[in-house]
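Keep in mind that this is a model prediction, so the values were computed, not measured. Here, residue 1 is the first one in the sequence, and each next residue gets the next number.
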Amino acid sequence: MSSLPSFDQLKSSPNGQMIRVHAVDGTVLVSLGPSYGQWLRSDQIPQVMKDAMISVEDRRFYKHPGVDPIGILRSVSVRAEKGHWTQGGSTITQQLARNIFLTSNKTFARKFREAIISLALERKFSKDEILELYLNKVYFGGGSYGIDAASRKFFGHGADHLDLGEAAIIAGLVKAPSNYSPTADAQAAAGRAGVVLETMVETGKITEADAQAANPSAIKLAPEPKQNSVRYFTDWALPQLNTLIDDTTDPLDVWTTLDLNMQRQADRAIGSDTPDGLQGALVSMERNGAVRAMVGGKDYITSNYNRAVTAQRQPGSAWKLFVYLAAIEAGHKPDEAIVDEPVTIDGWSPRNDERSYSGQINIRTAFAFSLNTVAAKLGQAVGFDTVADMARRFGITTPINTHPSMVLGTSDVHLIDMVRAFAEVDNKGAMVVPYAIEKVVGPDNKLLYQHSAPENRVLVAPWVAQEMTDLLQTAVNTGTARAAQIGRPVAGKTGTTSSSKDGWFLGFSSGLTTGIWMGRDDAKPNPGLYGGRAPARAFADYMKVAVANRPVEQFDTQVTLPEWQLEPDDEAYYGQPDDNGIPTIDENGQVIQQGGDDQSQPMSDGSDQGTPQARRQQQQQDDSDWQGPPPPPPPGQKLDQNWLNGVLGRKGSGAQQQQQPRD
């Protein structure tokens with residue numbers, strides 16, 4: 001008895017570590033580990049709660065000294081009659097001793113120690129103090145310790161005003177919290193509560209009429225919080241604690257970089273713009289690496305696989321960021337002339353999607369048109385190892401092959417790594433390290449960790465990043481990539497892999513960099529998925545809200561349009577347009593054919609204008625002037641300005657056009 005902690009010490013002793021994760025504005029995103037409600041003094045606990053617990057768990061509580069011989073004999077008698085244990089002989093005091101000081105191992109040694117501690121507890125504390133400790137510390141399931149935490153979880157209010165039916169449900173949980181949890185099995189919980197009410201009638205605490213009026217099955221339960229996309233972020237962020245602070249069992253408050261408004265908009269953009277049957281992911285971060293939004297899939301409950309940080313997919317022509325960075329660093333300029341022509345490198349002969357060649361052009365035009373032959377020539381000129389080194393420098397952590405075809409994005413990458421690379425271009429070529437945790441606070445507001453900016457490391461000279469930004473603007477300000485425009489300067493790049501297995505858009509504006517990926521988890525083809533379509537639209541839908549309250553930032557370089565004034569990105573311009581911008585795809589990745597008449601029908605009413613289908617119909621109207629890609633030139637004819645004038649209906653002869661400045 002003399003070695004037992006004091007009453008105040010027992011009140012404060014933890015049952016396990018609780019971690020509360022906060023958004024950047026302080027809002028609690030999620031609570032992990034045990035949940036503790038408000039500590040209720042004995043005089044604050046409703047009498048019906050005390051009566052219910054004593055009736056079902058220890059009806060002789062006020063009569064025994066901590067161990068109840070009569071209860072033990074009754075338990076043994078029932079064991080002999082039924083052949084198995086159906087009820088225990090442990091008193092409330094014994095349960096408290098086990099919860100605080102011992103384990104639940106079913107051994108005679110543990111039971112003996114439990115009895116000794118129970119006798120000591122009864123000698124040191126009053127019955128009311130023991131009951132107060134018990135009701136505030138016992139486990140009720142769902143991570144809830146104590147009646148107040150249980151009441152708030154299951155009923156949405158504190159335990160200081162529990163009614164009879166609610167008290168019966170909570171009292172019934174102690175026997176088997178997982179089996180009788182109202183959120184897991186409401187019927188089982190109501191049935192167990194009925195048993196509690198019957199025992200209360202038997203002990204004279206309530207009348208039969210009171211028991212019937214309680215009606216536990218009619219009690220309204222608090223809704224379970226939805227496991228939305230915030231959990232993708234917290235699942236990524238919390239393991240980082242292992243490297244930031246020392247191991248501790250103390251409760252922690254973790255303050256993160258997540259912006260709830262941005263996260264909600266990211267959810268809406270991915271949910272609305274991702275084609276049916278596909279998955280989508282988004283990462284958005286500041287220039288300093290603070291991750292403001294993360295979506296790892298369309299629905300966390302159906303799939304908690306985080307495609308934003310775990311999945312590895314080919315980036316397609318978005319990888320050309322590293323090819324052109326390496327070329328610019330080696331001395332090539334956006335206005336430098338280069339010849340688009342057939343090329344063979346170690347037996348590999350890349351071709352442009354239009355299967356023709358443009359002759360002498362400049363690097364800016366080649367980037368705008370995403371010409372594969374020029375990317376291959378630049379990669380060969382600077383060295384494929386140099387391109388791989390540039391990707392490593394900019395934070396690509398996955399294996400990189402150095403085959404010539406690597407210039408077209410054949411190495412798998414993580415979305416968050418690609419977003420980091422684009423953010424580093426926006427950061428004038430300086431390193432950006434993505435992070436999620438701003439600070440960690442322990443008990444008594446003790447600061448355990450505070451994020452500090454890493455040492456500034458220059459990856460490329462600022463002028464290299466500036467000229468790369470110059471090229472990236474062409475992807476957003478010309479041609480079909482205009483879907484990513486948001487009414488302020490944007491630089492970015494689309495990407496689509498073979499057979500449209502993956503669609504990407506990555507870009508930055510006003511200090512915020514965002515990357516979008518869409519595709520299938522099984523990497524099957526998705527006819528109609530292009531980086532300049534659904535991913536670019538999701539980017540725009542998100543960024544319009546995310547940067548709305550930020551000052552407009554102009555880039556260091558003004559937009560210089562390519563010679564042909566449009567961006568025939570191989571995956572976005574020359575591919576066949578997807579219906580309504582986004583195809584309907586079945587569970588096998590096949591496009592569901594739609595009837596021509598049905599496609600032109602307007603919405604019957606305005607009730608579903610916010611649905612993905614309605615948005616797609618609206619996008620069809622927005623793109624109604626797009627008549628499909630021009631046919632490739634006849635064999636032997638160049639994809640030159642004369643050909644473009646003809647297919648685009650421009651006025652002026654080829655000779656007149658050739659006299660105009662190229663840029």
Side-chain angles (χ1 to χ4, degrees), residues 16-24 27-35 141-144 153 178 181 183-184 223-243 252 254 256-260 262-285 291-313 397-398 412-420 434-437 501-504 514-524 526 535 538 542 585 587 589 612:
Q17 187 180 32
M18 178 181 68
I19 300 176
R20 292 194 302 176
V21 185
H22 300 261
V24 71
T27 302
V28 176
L29 299 174
V30 64
S31 292
L32 303 176
S35 173
S144 300
K153 176 177 178 61
S178 59
S181 173
T183 54
E224 280 284 278
K226 295 182 179 180
Q227 300 295 312
N228 59 20
S229 67
V230 166
R231 290 301 303 273
Y232 288 117
F233 175 81
T234 57
D235 287 354
W236 170 67
L238 288 177
Q240 300 172 30
L241 287 174
N242 294 330
T243 62
L252 299 176
V254 180
T256 71
T257 60
L258 191 86
D259 185 297
L260 275 177
M262 292 185 184
Q263 183 69 23
R264 294 187 189 101
Q265 186 60 24
D267 262 335
R268 284 191 286 266
I270 292 298
S272 298
D273 290 305
T274 303
D276 296 335
L278 303 189
Q279 279 290 350
L282 177 150
V283 175
S284 186
M285 73 175 68
V291 175
R292 297 301 186 202
M294 176 180 288
V295 178
K298 293 170 72 173
D299 183 12
Y300 182 86
I301 292 183
T302 58
S303 173
N304 61 10
Y305 178 59
N306 194 338
R307 297 155 188 85
V309 298
T310 304
Q312 298 184 28
R313 304 298 290 253
T397 59
T398 46
D412 292 338
V413 295
H414 296 303
L415 172 58
I416 193 170
D417 288 349
M418 290 296 290
V419 174
R420 172 185 181 176
Y435 73 97
I437 298 176
K501 295 176 182 177
D502 306 89
W504 298 73
T514 299
I516 310 283
W517 168 86
M518 293 178 185
R520 287 172 57 103
D521 289 336
D522 57 12
K524 288 185 178 179
N526 307 294
Y542 167 75
I585 300 175
E587 65 274 13

Taking side chain as C-beta onward, heavy atoms only, is [X] less than 4.5 Å from [Y]?
X    : Y    : result
S229 : M294 : no
V295 : R307 : no
L415 : V309 : no
I416 : W236 : yes
F233 : N306 : no
Y542 : S284 : yes
K524 : K501 : no
K298 : I270 : yes

Rounded distance [0.5 Å steps], [atom1] in [X] versus [atom2] in [Y]:
X    : Y    : atom1 : atom2 : answer
R313 : T398 : CZ    : OG1   : 13.0 Å
D267 : L282 : CG    : CG    : 9.5 Å
D417 : T397 : CG    : OG1   : 3.5 Å
R231 : I301 : CZ    : CD1   : 10.0 Å

Under 3.5 Å, is there a donor-acceptor pair between the side chain of [X] and the main chain of [Y]?
X    : Y    : answer
T302 : D299 : yes
S272 : A269 : no
T257 : V291 : yes

Self-check item: Residue that, paired with T256, satisfies side-chain contact (heavy atoms from CB on, under 4.5 Å) out of L29, L238, V24
Solution: L29

Can you name the closest pair of heavy atoms from [X] and [Y] and give their distance?
X    : Y    : value
A308 : A281 : N-CB, 3.9 Å
D273 : A538 : OD2-CA, 3.3 Å
R420 : P434 : CD-CD, 3.7 Å
Y300 : Y232 : CA-OH, 3.4 Å

Quiz prompt | side chain to side chain contact (heavy atoms under 4.5 Å, CB included) between H414 and Q312, worked out | solution = CA-CA 5 Å; H414 296 303; Q312 298 184 28; 3.3 Å; yes

Practice problem: Please report the C-alpha distance between M518 and W504 in whole Å, then the side-chain angles of each, then the deciding distance to 0.1 Å, and finally whether the side chain to side chain contact (heavy atoms under 4.5 Å, CB included) criterion is met. | Solution: CA-CA 7 Å; M518 293 178 185; W504 298 73; over 6 Å; no

Quiz prompt | Ionic contact status for R520 with D502, cut-off 4.0 Å | solution = no

Self-check item: Chi angles and distances behind the side chain to side chain contact (heavy atoms under 4.5 Å, CB included) call for L258, V230
Solution: CA-CA 9 Å; L258 191 86; V230 166; 4.1 Å; yes

Practice problem: Would you please say whether a donor-acceptor pair under 3.5 Å links the side chains of Q279 and T274? | Solution: no

Self-check item: V254 vs R20, side chain to side chain contact (heavy atoms under 4.5 Å, CB included): CA-CA, chis, key distance, verdict
Solution: CA-CA 6 Å; V254 180; R20 292 194 302 176; over 6 Å; no

